[in-house]
Amino acid sequence: MRPDILNPLFSEVQSLKGVGPRLSKPLERLKLSRVKDMLYHFPHNYVYRQYRETLDISDVGHNIIIKITVVDMRSGHSHRSPLRIIGQDKNGDVVSMIFFGRNAGWAKKQLPMESERIVSGKLEQYGDELQIVHPDHINPITDSKDTAPPQVEPIYPLSEGVTNGRIGQMVSEAMAVMPKLDEWIEPSVIEKYGWADWQDALRSIHDKADENAHDRLAYDELLANQITMQLVRADMDRRKCMQIHGDGRLIDALKLPFEMTGAQKRTIAEIEGDLRQSRPMLRLLQGDVGSGKTIVALMTLLRCVESGAQAAFLAPTEILTRQHYANLQQMLAPLPVNIAILTGRDKGKVREATLMGLADGSIDIIIGTHAIFQEAVTYKNLAVAVIDEQHKFGVSQRLMLTKKGRGVPHLLVMTATPIPRTLALACYGEMDVSQLDELPPGRTPIETRVISENRIDEIIKGLERHLSSGKQAFWVCPLIEESGNSGLAAAEVRAEMLQKHFGNKIAIVHGRMKNQDKDKVMESFINKEILLLVATTVIEVGVDVPNASLMIVEAADHFGLAQLHQLRGRVGRGSEKSICLLIRSEELSETAHKRLSLMRKSNDGFEIAEEDLNLRGAGEMIGTRQSGGSPFQVATDTQVRALLSTAANDAKLLIQRDGGLSGVRGNAARTLLYLFERDAGVATLRSG
Ligand code: ADP
Ligand code: MG
């Protein structure tokens, strides 16, 4: 249970003073639902202002605070020209304050003639005149000290319907209820970096650009992550599982149409080593698209069945599940292995029969979506689980698995999402890792070309030639519907346009379609009834269509590189030479340019992920978004690099000294885990 001291932080934002229902939409868009979210909504910029006694041309371009007297007002001639208020400093020099969309009535209230005001804003020069467009503060002069605008003001990420000032107020309200928490960081680490305590660090970061405070808050998140990982690992190590020594009767009888690659053999040996232990396997298999992970999975499943236990193979989507099922069923046909499928689509009698088979042990291998780990499904003796294409198979899902079967099943998680080395410890520090770093022989490398969007006619002509020779293609767009004025291609608009060229040879698939409809479209693509598939990134994972040898990605500069690489991996599966066309915006930033040429040069997912991280790191600042693979909200990639290994050591030491987290610091660390919602980590303490 979450400690009471955190309750104020987990109350809804609406519980703060003056936060009414009108703010709920904008706050929702900003993902600010609880008081805690408000505290962690960091400014992405700060305005610095200087107080000036008099106007001075040398301040042009800077934000100033100045006392003026209103001496004139000129409302616009038409409703479109701005309102102009003339202010005078104490020397009689003048500045125009320009307001768009304001009328004389408003001015009479805010800036009446001859009134004195303290205003702030960016001083600009327009011809001979000094001006401030939309002063950000206009304060009357009173006796109170606070009438002057702040000299440093945080600027928050905003959404329509909520102003910067309003967010600032809510942050202050949140700070007022912020509890004092015991320190969870190792004292020597605090000392080394000269960090403030948690409360002060939060106060500071909402006050000024304080990198040191941001580091501390990022470290908190890294530490929570590392403690959780290590608790989970320790929990796994305490559990018993079935030791698997297959006798080879199934694997030896399996006829593979190819020789395994060295990487496949090595990986299988690593897995078999794990399976023989009484400590459960917790292994991640990383391998680029097409590196042959399925066979490794199959070998793992078969070893388990050879030992008389059940094995489960989980895939992320219905389509992929069916593809795996068809594929394995065919390979296993000559063997005495009973294989079954279970997805959300299976209902009624069929489903009942499968559930029976799992419970009485007559099914050896079950292939399915998440349905196979639902409450209602019981196994006679589940000993191995393989999870496909899901590096995000989280701690809590794993704990759910431990409730199946008698002991804990051995777990193999497979992913093609390349995680850069820097993030590896954070994403799966508690796992052992195998890598399939060798592609099966005989693959023709995919050729990647980057082409400007203004050559779309040429692209369509090329596509026409491609399709008329009977080959298939994907066309990926970043959005489903055309969005406002972003100019990004939307799948629907694009599909309509392409339909004019290609008629009924084309279909569209996107994430908002019903699963069944999606599957239908995918199936007709697999069956070649459809030649061109227009899609959003839903096709990222899984499907194997060897006849599709052209991948076109529109607005490629808007995708993450890891994502582009995954998309590209959808082609190049047959013997035909494949092409990936990345359509770019006409205008490209230098970084975007570098990122796309990296795609052109490299076919290696790990190299791409690593370089992408480097390219992003270059322009990084507080509040910038983390790279695709990052599990962190607070810590930037640079901070992960600088602080993660310290956090890992810190966590290790803490757990060595106080594995039950029951001492003073241990308890503080528990609070930290709850603060970062790593409840699953704490759960291992109780169950273990
Ligand atoms: P992924 O790692 O993307 O899951 P798959 O397991 O789907 O890759 O394998 C991709 C293709 O490569 C499949 O058609 C599979 O039969 C084939 N394949 C796998 N291993 C080898 C090998 N050692 N030699 C030749 N082809 C292989
Ligand atoms: Mg696969």
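When a ligand or atom number is given, it counts from 1 through the structure's own listing order.
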remark   = atom 9 (O) of ligand 1 sits nearest the protein heavy atom Gly292 CA, 3.6 Å
query = What is the closest protein heavy atom to atom 4 (O) of ligand 1, and at what distance does it sit?
reply = Thr294 OG1, 3.7 Å
ask   = Of the protein's non-hydrogen atoms, which lies at the shortest distance from atom 16 (O) of ligand 1, and what is that distance?
value = Phe258 CE2, 3.5 Å
key: Met260 neighbourhood, listing ligand 1 atoms whose heavy-atom distance to it stays under 4.0 Å   = 23 (N)
request  = Determine, using ring centers only, whether Phe474 and Phe525 are less than 6.0 Å apart.
outcome  = yes
request  = Identify the protein heavy atom lying closest to atom 2 (O) of ligand 1, giving its residue, its atom name and the separation to 0.1 Å.
outcome  = Lys293 NZ, 2.8 Å
query = Is any heavy atom of the protein nearer than 4.0 Å to atom 22 (C) of ligand 1?
reply = yes
request  = Just need the protein heavy atom nearest to atom 14 (O) of ligand 1, so name the residue and atom and give the distance.
outcome  = Asp544 OD2, 4.2 Å
query = For atom 11 (C) of ligand 1, which protein heavy atom lies nearest, and how many Å away is it?
reply = Arg443 NH2, 3.4 Å
request  = Considering heavy atoms of the protein only, find what lies nearest to atom 20 (N) of ligand 1 and give residue, atom and distance to 0.1 Å.
outcome  = Gln264 NE2, 3.0 Å
message = Geometry only, no angles: is Gly287 polar-contacting ligand 1 at N/O separations under 3.5 Å?
response = no
remark   = Quick note on ligand 1: atoms under 4.0 Å from a heavy atom of Ser291 include exactly 2 (O), 8 (O)
Nearest-contact summary for atom 3 (O) of ligand 1 - protein heavy atom, Å = Gly290 N, 2.6 Å
query = Among side-chain atoms of Ser278 and Gln243, is any donor-acceptor pair under 3.5 angstrom?
reply = no
inquiry  = With heavy-atom distances below 4.5 Å as the criterion, would you say the side chains of Val408 and Met236 are in contact?
reply    = yes
inquiry  = More than 12 heavy atoms of other residues, nucleotides or ligands under 6.0 Å from NE2 of His593: yes or no?
reply    = no
key: Under-4.0 Å heavy-atom contact with ligand 1, by part of Glu259 that carries it   = backbone
ask   = Going by the order shown, which atoms of ligand 1 are within less than 4.0 Å of some heavy atom of Val289?
value = 3 (O)
message = Pairing donors with acceptors under 3.5 angstrom, does anything connect the side chains of His324 and Asp388?
response = yes
query = Taking atom types as modelled and ignoring hydrogens, do the side chains of Ser434 and Glu270 form a donor-acceptor contact shorter than 3.5 angstrom?
reply = yes
note = Thr261 heavy atoms within 4.0 Å reach ligand 1 at atoms 23 (N)
ask   = Will you find, in the side chains of Ser602 and Asp604, an N or O donor that is under 3.5 Å from an N or O acceptor?
value = no
task = Would you check whether Pro440 has a nitrogen or oxygen atom less than 3.5 angstrom from a nitrogen or oxygen atom of ligand 1?
result = no
inquiry  = Does only the side chain of Asp288 get under 4.0 Å from ligand 1, or the backbone, or both, or neither? Count heavy atoms.
reply    = backbone
